[in-house]
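Okay, so here's the structure we're looking at.
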Amino acid sequence: MTLYAEVILSLPVSQAFTYIVPESFIDRAQAGSRVLVPFSQRMLTGFIIGLRKRGPTPGIPLKEIAEILDDEPVFTSSFLSFSRRLSDYFYSSWGELLQASLPPSFILKSQTRLSLTEKGTAALEDITLSEKERKILSFLQKRGYSLLFLKRRLQVKGLSALLSRLEKNGLVDTRRDIKRTKKKRTPLVTGSQAQLELDFSLDTLSRQTADRISTSIQGRSFAPFFLHGPADKRESVYFQLIKKSLEMRKKVLFLLPEIGVTQALREKFEKRLGERAAMLHSRLSERKRELEWLRIKEGEADVVVGSRSALFAPLDDLGLVIVDEEQDESYYQQESPSYDARKGAWLRAKGLGATLVYGSAFPRVSAFFRARKRGYLVSLEGEKERKKVEIIDSRRERRGISRRLAVRISERLKNKESVLVFLNRRGYASYIYCPECNSVPRCTRCDIALAFHKRDKSLVCHYCDYSIPVAVYCPDCGSRMTRSRALGVEAVEEELREIFPQSRVKSLATDLSRDEQENVLGCYNRGNIDILVGTQLLARQTDLRPASLVVILFPEIILTLPDYRASERTFRVVSRMMSFLGPGPDAEAVIQTALPGHFSIRLAASSDYRSFFREELNFRRLLNYPPFSRLVEILFQGENLRNLARQSRRFMERVKRGSADVEILGPGLAPVAKVRGRARVQVILKASRKEILDNALRDLMRTAGTKKTVLVYD
DNA sequence: AGCACGCCGACT
DNA sequence: GTCGGCGTGCTC
């Protein structure tokens with residue numbers, strides 16, 4: 001009897017393909033194993049998700065599995081169902097998600113190699129060839145090349161068609177080989193038992209909290225918790241819980257934003273857990289990542305610490321999943337395969353009967369709402385510490401740094417105290433313009449003005465990184481272009497240098513390389529910088545030395561963004577900056593803003609998350625935004641707008657026909673209507689429940705060809 | 001994703 | 001009249 005395998009491939013379609021399992025492989029074929037299969041002209045790595053004795057609908061001629069690559073499945077059945085649910089939830093491809101869960105060397109593919117035949121060599125001499133054909137053949141004269149290389153090198157349109165014609169005429173020889181990466185035997189790292197530090201003190205509230213969650217770990221069934229409180233308190237609870245889980249012989253997955261995965265963190269974990277901790281994050285080299293992955297798979301790590309992608313760590317005996325800094329948007333991977341590791345952690349913990357702990361000082365409104373409503377919110381907030389805050393109305397000010405602010409800063413500098421300044425705008429200015437004719441230099445590929453970066457005398461597109469030297473004369477009317485608008489961190493840095501020429505002023509933004517960033521932060525932490533100016537990058541830091549003065553400039557910039565979460569983002573960034581205030585009655589924050597009355601700024605200034613939450617929730621309720629609805633944003637991207645418009649409208653019509661319960665906004669141009677030369681059209685769908693959206697979209701995702709990006713907000 | 005098939009504009 | 005552009009559909 002024939003055995004059939006359902007195989008998932010890493011393609012943008014979430015569809016299984018059926019293959020025949022050859023007689024000789026029958027006892028090795030298992031769900032969760034990698035296979036090599038022929039797929040149209042190539043060989044691809046796929047994953048068996050099921051085996052069955054009956055074939056599918058007759059009529060499709062089936063191919064055979066070429067090779068089974070694993071003796072032991074790389075994926076357990078629970079991992080398969082978890083990843084499947086995740087891909088369903090975010091409308092992303094299951095196969096791509098599975099592929100992303102493995103070290104890259106686990107994926108084998110055929111590579112097409114092309115070489116010249118004798119007939120081909122002869123053809124170069126006499127037969128009349130087209131210009132393109134001659135170009136290809138003479139290029140292959142020296143030696144054979146891979147198809148990919150040829151494509152990149154020759155830049156000939158319709159290359160594959162030309163090549164297949166040449167092959168048919170016997171001028172070119174095509175060979176498809178499987179690219180194999182040599183598998184080195186991994187030396188097993190045997191851990192030396194370091195001196196462990198398993199003793200940590202907790203205050204009463206934290207102790208009670210830890211005990212309560214511990215009970216759930218003991219229960220060995222899924223239970224979620226949301227820890228609301230400051231970082232230090234959360235951390236001590238986490239370690240208590242990790243200890244508990246390890247006592248139960250259950251493993252731990254600890255997720256945190258990429259920015260938090262630091263050397264200091266590694267040392268912290270090693271000190272407390274010895275060699276039983278593994279780290280997974282995107283800054284590891286491919287090889288290091290693979291080694292860590294293998295260690296985890298072999299069961300040699302009890303705690304896996306890592307960023308977003310560590311969600312896919314190969315462990316099944318999980319007792320505890322922690323997602324710290326829950327509010328951090330870097331948990332959401334927007335590129336394909338897109339997924340949100342926060343939701344992923346929920347699905348994984350649920351599937352394995354593990355305890356799930358989210359933690360944040362300033363949670364997302366939706367997450368906080370749900371935790372409260374469903375009774376899994378745990379507050380670690382102690383006595384609210386009133387912080388000294390001054391709000392300066394910038395509408396009456398001329399300069400970026402107002403007089404009053406300058407006075408505040410100089411007081412601190414006199415006492416040799418350091419100052420942190422936040423401004424959410426990169427570069428020197430958002431744009432420059434000609435005072436004569438008002439023309440503004442714009443990106444040629446994106447629908448946006450070029451930002452002025454004075455440091456490297458250039459105009460830079462913040463969407464595609466296109467950059468040109470800054471113009472001295474207006475390209476339109478020839479007059480001198482000197483005006484800038486919407487000042488950024490570079491301008492503030494410059495202004496501060498002018499006002500305080502004796503002080504050491506530095507700025508921190510993503511324009512700096514990672515090394516430079518580390519360097520600036522190190523300098524600041526050692527006390528070698530007096531004033532540090534930074535963007536969101538500064539606000540997201542975890543190990544920053546407290547300052548006695550924190551300045552927050554124009555937080556309302558975030559409020560103007562076209563995002564229904566603008567208020568919570570503003571609240572968060574202001575609160576976050578204020579959390580860098582040192583202890584004591586002397587520490588002070590100054591907020592300089594054009595919207596001093598806005599509730600997100602006002603309530604952040606008074607460190608009142610609960611009131612902010614209430615007010616914001618009210619808006620969300622009135623306008624039917626999450627958590628009171630579920631929202632999906634679909635972004636169509638393509639070369640020509642006409643086609644996009646047609647597709648998006650057809651798409652929208654089909655949604656409308658499919659379900660009456662979906663509210664459709666759009667299609668319309670996306671806030672940035674063109675990026676990298678590709679037009680962007682967006683449609684927003686709203687429904688009371690996610691399942692309604694799922695039903696409406698299920699069949700549509702496959703069709704309507706153009707590239708679509710789907711973002712899920714809940 | 002890659003690739004083949006099929007229908008409308010600028011040219012040997 | 002063809003060549004070739006990309007819009008559409010399929011791959012077990």
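Every value quoted in this text rests on a predicted model; they were computed, and no experiment measured them. Chain letters run A, B, ... following the sequence lines, proteins first, then strands; residues in each count from 1.
Distance A/M43 CE to B/dG2 P: 17 Å, rounded to the nearest Å. B/dC5 atom P lies 11 Å from atom CD of A/Q41, rounded to whole Å.
Checked against side chain to side chain donor-acceptor pair (under 3.5 Å), A/R540 has the following partners two or more places apart in sequence or in another chain: A/D328. For A/D88, the salt bridge (charged side-chain N to carboxylate O under 4.0 Å, His left out) partners at least two apart in sequence or on another chain are A/R84. Scanning for ring-ring contact (aromatic ring centres under 6.0 Å, His included) contacts around A/Y339 gives A/F312, with sequence neighbours left out. Here A/K690 pairs with A/D694 under the salt bridge (charged side-chain N to carboxylate O under 4.0 Å, His left out) rule; sequence neighbours left out. For A/W293, there are no side chain to side chain donor-acceptor pair (under 3.5 Å) partners at least two apart in sequence or on another chain. Among residues two or more places apart in sequence or in another chain, the side chain to side chain donor-acceptor pair (under 3.5 Å) test is passed with A/S688 by none. Among residues two or more places apart in sequence or in another chain, the ring-ring contact (aromatic ring centres under 6.0 Å, His included) test is passed with A/Y89 by none.
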What protein N or O atoms touch nucleotides 10-12 of chain C N or O atoms at under 3.5 angstrom, if any, and at what distances?
{"residue": "C/dC12", "atom": "OP1", "partner": "A/S40", "partner atom": "N", "Å": "3.4"}
{"residue": "C/dC12", "atom": "OP2", "partner": "A/K63", "partner atom": "NZ", "Å": "2.6"}
{"residue": "C/dC12", "atom": "O3'", "partner": "A/T18", "partner atom": "O", "Å": "3.0"}
{"residue": "C/dC12", "atom": "O3'", "partner": "A/K63", "partner atom": "N", "Å": "2.8"}
{"residue": "C/dC12", "atom": "O2", "partner": "A/T18", "partner atom": "N", "Å": "2.4"}

If you restrict it to nitrogen or oxygen atoms, what contacts under 3.5 Å exist between nucleotides 6-9 of chain B and the protein, and what is each distance?
none

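Here the side chain of A/R308 pairs a donor or acceptor atom with the backbone of A/S330 at under 3.5 angstrom.
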